[in-house]
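Let me begin by presenting the structure, written as structure tokens, before commenting on it.
As the structure is a prediction and not an experimental result, all values here were calculated from the model.
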Amino acid sequence: VEGGGHWARALALLGRAKHVFTALSGLGADAEAQALCAQQVEDMEPVIRYCQYQLSRQGGVAPSEAQLADLLEQEQAAGGVERPSEAVLASQLAQLATVSVGRQPEEVVELEWLGQQLPVRQERLKAAVGQVKALAAEVDGAMDVDSAPLEQRLAACDRLLRAVAAARTVATTAGKAAATGQEADAQLPEVEVALEGWAAQRSAQRAALVAADAEARFAAGVEKAALAAGGVVAKKGGKDSGSGNAPRPDDVVRALDIWSRALAELADVGARSGGRRGEQLYNTAQAQMACAKASRAYHTAHAALAGGRALEAAALFGRTAERAAAAKQGATAGSPDVARMEQLASYAHALKLVAHAEVAAARAVEREGVEAGVGSLGLAEGPQSSQGGTTKYLLDAPDACESFAAGPGGVKGAPRVFRLPYAMQALPCRPIMLDTASDHLAYPNLEHRVRKTEKKSVLSSLTGWAWGKK
């Protein structure tokens, strides 16, 4: 019908089909059948709008539903294809509704967020939310088992995050469909916000799991190195704090940065949610972020200490103690974060003393070298100092503690302060362009385009001058 250009008839048939599928989407035997009918309704919407567009192009106005129903009845009365009337369809749908209600009550799926139970009525979104809740229960079960490997927990978190992303896509599609004229759901915007909060919360949970594992493996590596330095061999068969080799401090810092960004997104969701529960979520995220910042300063100080920057490490350990104290005040009383921050502050204080000791030792060695070098200096002439077989001057080695008052060979002469003449140095210059191709270019002959002058004799020139010709 549509291909033949009968747009009004096609619109009438599509409208009746949409009405039937809309009714069946709430009367299906199971969730899959209901979702299939709802998807069919969504697929018909672009075709219906296209038929209305073609009618408007032809200069007409899209007929109403009553006019479309009259058009179908006129076609059936004129001997067209027999179709059930509106009354017959209504009675059949009512009978199906009675059977469906008597068979089983409607399954209600609710999504919990910030203490509220949000009902989900859209069929496709209901199936997506059900999958999210099932995977969330699986993740919580994996987190409760301490013996579960890290890879298994991360895989469960990844499956949950993908399911939440798919549910958010379905919710966005349902919101757009409601905005185009379909039946709107008042709870749909709240469900979208709840799914966004779920994504932020579970992302922060996964990042916290990775950061905690990295911190535990780093602490185990530090403890093992301390025991090895003290001549104590760690016992085998004990419980390992992490999996794999000990990471570098920079790796732990990167994991903590990812966790901090996830907590910042979660805090933003709590601030936008508002209310007492939203404020509580914001405060919890901020408290965890303070703990992450304190741990980040601690591992950054470890990286500086391992890199030989003892002075910088001492300052960072002091900052760690300050941030740990602030995080302890913001944490809930009796929570594991309080004991964790107390332990972190004690470690930072002890390592700060170690860094100060290294700084003092380095300065003492430097001071002794300077005193020994300066003490050997004098105005008396000394032997010639050479570096790499050449004479060394004061400007070439300003940090050398030796006398430059003697001439070459230790004999009396001018002090070796600077070299005269100065050493040859390379000067920057522009590149040299050698045009080696100009001698091999063959230019075209353009004599045929040049205007030729006529050669005149002396007699003709005089005659032309006499007669006034040029």
Side-chain angles (χ1 to χ4, degrees), residues 142-143 145-155 157 204-263 288-325 327-328 336-359 361-362:
M143 295 297 178
V145 180
D146 296 336
S147 60
L150 177 65
E151 292 75 10
Q152 181 180 353
R153 299 182 183 183
L154 294 181
C157 291
Q205 182 183 17
R206 185 190 187 280
L209 183 63
V210 175
D213 178 75
E215 287 179 316
R217 290 191 290 119
F218 179 79
V222 172
E223 182 180 0
K224 184 177 179 180
L227 292 176
V232 180
V233 180
K235 295 181 179 180
K236 296 183 179 180
K239 184 178 178 182
D240 192 4
S241 300
S243 59
N245 298 326
R248 298 180 303 173
D250 297 336
D251 299 334
V252 185
V253 169
R254 280 192 289 270
L256 291 170
D257 288 338
I258 296 175
W259 185 28
S260 298
R261 287 194 293 268
L263 289 174
Q288 293 180 356
M289 197 183 307
C291 296
K293 289 181 179 179
S295 182
R296 185 187 188 280
Y298 174 75
H299 291 89
T300 305
H302 265 288
L305 188 61
R309 305 187 303 273
L311 184 60
E312 180 181 352
L316 287 172
F317 281 126
R319 184 180 300 176
T320 300
E322 296 175 359
R323 290 190 173 182
K328 178 183 174 182
D337 292 336
V338 176
R340 177 166 165 260
M341 290 297 105
E342 290 179 353
Q343 185 180 16
L344 187 66
S346 63
Y347 286 168
H349 180 68
L351 290 171
K352 181 180 179 181
L353 298 179
V354 173
H356 273 300
E358 290 191 6
V359 172

- Task: Indicate the atoms forming the closest heavy-atom contact of P249 with F218, along with that distance.
- Result: CG-CE1, 3.6 Å

- Item | Heavy-atom neighbours of R309 CZ exceed 12 at 6.0 Å | yes

- So, for A214 and V252, which heavy atoms are closest and what is the spacing to 0.1 Å? O-CG2, 3.9 Å

- What pair of heavy atoms forms the shortest contact from A314 to K352, and how long is it? O-CG, 3.8 Å

- Kindly say whether C291 contributes a backbone atom to a donor-acceptor pair with the side chain of S295 at under 3.5 angstrom? no

- Task: Calculate, to the nearest 0.5 Å, the distance between atoms CG and CG belonging to L263 and L256 respectively.
- Result: 10.5 Å

- Item | Electrostatic pair D213:R217 at N-O distance under 4.0 angstrom | yes

- Look up atom CD in Q205 and atom CH2 in W259, then write down how far apart they are to the nearest 0.5 Å. 11.5 Å

- Message: Can you classify the ring geometry of H302 versus H299 as parallel (below 30°), tilted (30 to 60°) or perpendicular (above 60°)?
- Response: tilted

- Flag side-chain contact, heavy atom, 4.5 Å: R323 against L344: no

- Hey, are D257 and R254 close enough for a salt bridge, meaning a charged N less than 4.0 Å from a carboxylate O? no

- Going from CG on L305 to CG on L311, what distance comes out if it is rounded to the nearest 0.5 angstrom? 11.5 Å

- T320 side, atom OG1; R296 side, atom CZ - distance, nearest 0.5 Å: 10.5 Å

- Query: What are the two closest non-hydrogen atoms of A262 and A204, and how far apart are they?
  - Reply: CB-CA, 3.7 Å

- Item | Shortest non-hydrogen separation from A324 to A345 and the atoms involved | CB-CB, 4.1 Å

- Could you pull out the closest heavy-atom pair between R206 and C157, with the gap in Å? CG-CB, 4.0 Å

